Each structure stands twice: as C-alpha cells, then as structure tokens.
Amino acid sequence: MAATSTAGAGATLMPLLIQLLRGASDLASVSATHAKLLKLGAATSVASSNHLLAAYCRCGSTALARHLFDGMLDRNVVSWTALMSGYASTGRPRAAVALLRAMARSGVPPNAFTFSTAASACARLAHACLGRQVHARAEVAGYACDNVVATALVDMYGKAGSVPDARAVFDAMPATARNAVSWASMLSVYAQNALGHDAIQLFAEFITNGEDMALNHFMLSSVVNACAGVGRLSIGKCVHGMVLRHGHEDNDVIAVALVDMYSKCGCYEYSKKVFDRIKRPSVIPYTSIIVATAKYGLGRCALALFSDMVDRGVQPNSVTLLGVLHACSHSGLVDTGLQLLRSMRSKYGIDPCASHYTCAVDMLGRAGQLEAAFELADEAQVDGNDALMLWSSLLSACRNHKRLDLATMAGQKASEFTQDVAGALVVMSNAYASAGQADDAAAVWSNMRRRGIRKDPGCSWIEIKDIPYVFYAGVVSPADERAGEVMLLLDELVIKMREKGYKGRIGSARVFDADDEEDGDHHEEGRGVMVGVHSEMLALGLGLLMIPKGMAIRVMKNLRMCCDCHEAFKLISGIVEREFVVRDLNRFHHFRMGSCSCNDYW
DNA sequence: TTAGGGTTAG
C-alpha cells in the first residue's frame, strides 16, 4: 500500500522534477533532483535518465553523464545523442564522433538529431574527412536532406575549409527547406574562408529571394565581416543601415563586426564612433578597437584604451595583449612593449606564446635593434610554422636595415622550419637577394618556375561607385577603357615627382628618365615609361581619374606596400592635394599633403 | 537529444 502511494506521489512529482531538470544549470541542483528521483524510484526509466543525462551535460559534467549512461539498462537514440551533444559542447568533439561509431555497433538507429550533433562535432574539429564519413552515414540513413542536418553539414564543411562541399550541400537543399539559419550558415562559410565577394553575392541573393525571412543578426554580422575582409565600404555602410533599421544596433557581436569593418575599410573615426556607442564593452570590443587603433599607428591612443579597459575591470586576453604589443611595435614604443611582454604572466596571468614573441621580435627589428631581436627570437623556443613566421619577420627587418650578414642567418633559420616548399624557396631567395647574391636568388626563382611552384600574386583593388576594380602588378589590359589614361596620368605624375627629387621605382623596373640611354628601347615620344608598375599605383591612377576631388581614395592591397610606392603616394598626395588611404597586409597608411600617418615608421 | 555570428602578429 505504501509502495503504491510512493509511486502515486512519484507520478505527480515527475513532471515537476523534469521541469526542474530542464531549468537547472548548476551541478548542485541537478544532483539534488537526481537524488529525489532515486528516492521516488523514478530514476531508472529511459525518459528520466535521458533528462538527467542532458542536465548533467548542460552543466558541463560529462563525466557524471557518462557514468549514468554506462549504468543505463536501456538506452535509446535520445540517450546516445544527448551524451554526444554533451561531449561536442564541452570541448571533446572527438569523443562525440567516437560515440557515433559505438552507437552504430549497439544497433540503436541514429536520427536527424544524432547526425546534426555529429556534424557539429566534426565542425569543431574542422575535420573534413571525419565530417565526410558522418555525411555519408546520414545520406545512407536518409537524413542528409533534413534541413538541420544539411545546415550542420554546410557549417562543418565550411569550418573544415571545404567551401565547394559546403555550397554543394546548400545547393542540394530544396529552396523551401532553407531557412534563415541555413542562409546565415552558408554566408558565414564564405566570410570565414576569406571569400568576402562570394558572401556579399550570396547576401544579395538572399535579399532578392528570401524577403519573407527575417534578416537576423547572425546574417548581418557575417556579411559585415565579409565587407571588412574585402574592404567594401559602401556595402558595409549599407548593411550598417540595415542593422539600424532592424533594431540590432545593441547587439555586441554586430557592433564588434562594425568596428572591425570600418577600421579595415580605412574609416577609423566611424570605427571609434561605433565602439563608443557600446554600453559596457567586454574584452572583445576592446580588443577590436585596440587592434584598429594600433593599425592606424596611434600607439599611445591604443595604450590609453588598454589602460581604460583594465581600469574598468575588464580582464585582457591573449589577443588583447597581442594587439597592445602590435601598437607598441608600430609606434616605436619598444620599452613599453618589452615591459609588457615580460610582465604578461605576472600581471595578467597570460603566458606569452609564439605570436607574442613574433610581434616583439618584429618590434625590435622595426626599431633596428637587430641583435636584441635575434636574442629574443632564440629565447622564444618555437618551432614549425610559428618559427617560420618568427624568423621570416626577422629576415625582413634585417633586409630593411640593410644588415645582409644577419639576413642570411635569419633566412637560414626560417627555411629550417618550413615544409612549404614555395615558402622556403621564397625565404631563401629573399635572403640571397639581401646578401647581394643576385645570381643565387635568380636561380631559386627559376628553379621555382621550372617546378611549377607559384606564390599568390600581389594585387590591389579599389572600389569606385560600388564596383571593385582589381589590379595586378604591371598588368593593364589594353581592353580596359581607361588603361591608357591611367598610364598617361602616372607618367605625368612621375615627371612631377622626379622634379621633387623622387629616385624610387614604382614597379619592378626603374622609372626611366627621358634621356636615359640605357633603357632607350622603352621610350615613347620622349616620355619616361614604366614597366611592371606596382598594383597599388595602378589602383591609385584609376582612383584619381574616377573619384571626384574632395573624396579620399582608398586602396587595398594583399601584400605590404613597398618603400618606393609609399614615397610616391606621399609625394602625389601633395602634388594633387588629395587624401589617400592604403590598407596593406598589415596596417593603414593615411597620406595627406605629402606625408603619411605612419611618419615613415612601419 | 539537433544547426548559425565578434577580436589575433608577420
């Protein structure tokens, strides 16, 4: 009789206890509820065990969840999937994938929940091979066309860097199955894989085809991110308008994306404005603005933002400190930077890693303290790709400071650490060239050509009336309507620059004098002629022709700007009395009235 | 029991 009454009480209490479990986020309350269920004799049913399992996973106790799972007499698909999800979300995605195999052996058939969880685990691993196996299993089981599974697969392929596979899964989804999440996932696949133009294209498609779906903050942040990557200011501004119209201006993730976008599009002031609107900035917004400030060469402002952040009790992370070091590096604040590197651990509890050392080595190298840079590089004790980066950066510092003896040493060190054949060859050819061994350098290049090894070509681009124009060094297609005009304009500018004493090159060949006999073959009606003109010069030329006076000309480049082009941009900004903003691989240069914001320290 | 977004040197 007593037993019946307990069972009766259990039946009444069960929904309440399940409700408690669903809302529980701390281990203590989950354990307490577990104890109550045991007391009621209701803890052994599959349903209640599954609720307990999920609750333990939610509060991060996968060990307890596993213990419970192992003791279950009967397990269904929910039990397996809940534990899998627990592993995936607590940093053990490999264990999650292993569970999928164990599940197959156990004979419990997986469902859509299982496959989307497994795909998400593979996404965390960024492991295309494992992901493909999950995809194949889902296909066989007939769940690959489920919209959640397909979306998880899109995300997985994207995170694993297989963009065409992601797109194929997205394209295979029936249009009616695609929802805001699937579109947003595909968009972020492009954005995360540095395919900003494709992301923007997809966004345009979404706006045209998917008007019935609400434009959500995930999509907005991804597309802002894409605009940042490719420097499409006009689209970025347009999306900012959408952010405001859809009421997402208080979303911190979008705000950070906007800070980053404006900064990467050369509009530091807008970037700062967006940052200043964030009510209580956390570490990521602070880091973002510090990095932006550093890239504009405003080292002291970046340091001020950093101390403001610390004063407000926001704990910096490893990326923040890298940003601060970067600020010191680009503003010549060597002592401050070194102090920070030495006190990272004691002050902020963060151990310097390869990236911090590389940044500090770069800072010393930039300042010409090459011996100290060598010592620090040796001290860093890094290997693999990190070491390649570290020594390559020191190599370029040695070259810039014309220390050819040290350049070959750094080049030798760098090439010890690379498996990338092309990378090693470029490093070595640079080292030879710096040491004045031009023949050796040329031999390396011809060896590369013979073996069909290529590096990505340098290019620059400029956006004019919402259209991006891309230029490669020395490549001006005669079919381009304005190519002739661009070359003519550059010719004229070079003559004016020469009058001001410019001796540099703006291409792979020197700028010729009209009376330069040696290069007489290139003469054309007595005018100086340029061969292999650098891509940023071509972009600037088109900008000067097409962008109305009074508007700044913004040029993007995928490599570092060379010293000669830097000098040329300075002079031209004075000659034509216009402002230019150049975003190169590392930072910004703002040219105005014959000088640059970097004060020639970069 | 399932899917999506932010900062990172050279």
Side-chain angles (χ1 to χ4, degrees), chain A residues 50-51 53-54 57-58 76-86 88-89 110-121 123 143 146-156 158-159 179-189 191-192 216-225 228 248 251-261 263 281-292 294-295 316-323 325-327 329-330 353-363 365-366 385-386 388-397 414 560 585-587:
Chain A
N50 286 346
H51 281 294
L53 203 58
C57 288
R58 257 200 313 279
N76 63 11
V77 60
V78 178
S79 336
W80 285 93
T81 309
L83 185 60
M84 198 184 288
S85 167
S89 58
N111 64 12
F113 285 71
T114 322
F115 286 117
S116 44
T117 306
S120 150
Y143 287 108
D146 174 275
N147 70 334
V148 176
V149 175
T151 303
L153 288 170
V154 166
D155 180 56
M156 178 278 293
K159 297 246 164 68
N179 60 16
V181 183
S182 23
W183 279 93
S185 301
M186 191 60 230
L187 196 60
S188 68
V189 165
Q192 288 164 356
N216 65 30
H217 52 285
F218 287 98
M219 221 173 299
L220 288 166
S221 63
S222 292
V223 78
V224 171
N225 190 12
H248 292 299
N251 179 301
D252 270 14
V253 176
I254 294 183
V256 169
L258 285 167
V259 165
D260 189 46
M261 184 273 291
S263 116
S282 64
V283 61
I284 296 182
Y286 261 117
T287 304
S288 189
I289 194 70
I290 287 170
V291 170
K295 282 197 192 289
N317 64 21
S318 159
V319 182
T320 320
L321 298 182
L322 189 59
L325 274 173
H326 185 48
S329 172
H330 280 268
C353 65
S355 49
H356 299 103
Y357 278 108
T358 304
C359 197
V361 165
D362 178 63
M363 172 178 75
R366 205 180 289 277
N385 205 40
D386 291 335
L388 172 66
M389 293 302 151
L390 184 126
W391 290 104
S392 301
S393 114
L394 189 46
L395 165 63
S396 73
R560 280 186 70 170
L585 189 62
N586 298 333
R587 56 165 297 152

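Note that the structure is predicted; figures quoted are calculated from it, not measured. Lettering of chains follows the sequences in order, A, B, ..., and the numbering in each one begins at 1.
- Looking at heavy-atom distances under 4.0 Å, Asn76(A) makes no contact with the nucleic acid at all.
- The line from NE2 of His326(A) to CG of Leu321(A) is 14.0 Å long, rounded to the nearest 0.5 Å.
- No engagement by Asn50(A) is indicated, since no non-hydrogen atom pair under 4.0 Å with the nucleic acid exists.
- Heavy atoms of Thr81(A) sit under 4.0 angstrom from at least one base atom.
- Going from atom CG of Asn225(A) over to atom OG of Ser188(A) covers 9.0 Å, rounded to the nearest 0.5 Å.
- Arg587(A) comes within contact range of no nucleotide atom at all, as no heavy-atom separation falls under 4.0 Å.
- Note: Asp252(A) CG to Ile284(A) CD1 = 9.5 Å, rounded to the nearest 0.5 Å.
- Looking at heavy-atom distances under 4.0 Å, Ala54(A) makes contact with sugar-phosphate atoms alone, never a base.
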Side chain to side chain contact (heavy atoms under 4.5 Å, CB included), that's the test. Do His356(A) and Cys353(A) meet it? Break it down for me.
CA-CA 5 Å; His356(A) 299 103; Cys353(A) 65; 3.4 Å; yes

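- Counting non-hydrogen atoms under 4.0 angstrom, Thr358(A) reaches a base of the nucleic acid.
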Between Ser263(A) and Asp260(A), is the side-chain hydrogen bond (donor to acceptor under 3.5 Å, both in side chains) condition met? List the steps.
CA-CA 5 Å; Ser263(A) 116; Asp260(A) 189 46; 4.7 Å; no

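- Nucleotides of DNA chain B that come within less than 4.0 Å of any heavy atom of chain A span, from the 5' end to the 3' end, dT1(B) to dG10(B).
- Here Asn216(A) lies in heavy-atom contact (under 4.0 Å) with a base.
- Counting non-hydrogen atoms under 4.0 angstrom, Ser85(A) reaches the backbone sugars and phosphates but no base.
- Contact annotation for His248(A): no contact, since no heavy-atom pair falls under 4.0 Å across all strands.
- Residue His326(A) is in sugar-phosphate contact alone, with no base atom involved, counting any heavy-atom pair closer than 4.0 Å across all strands shown.
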Side chain to side chain contact (heavy atoms under 4.5 Å, CB included) for Val154(A) and Ser182(A)? Distances and angles first, verdict last.
CA-CA 8 Å; Val154(A) 166; Ser182(A) 23; over 6 Å; no

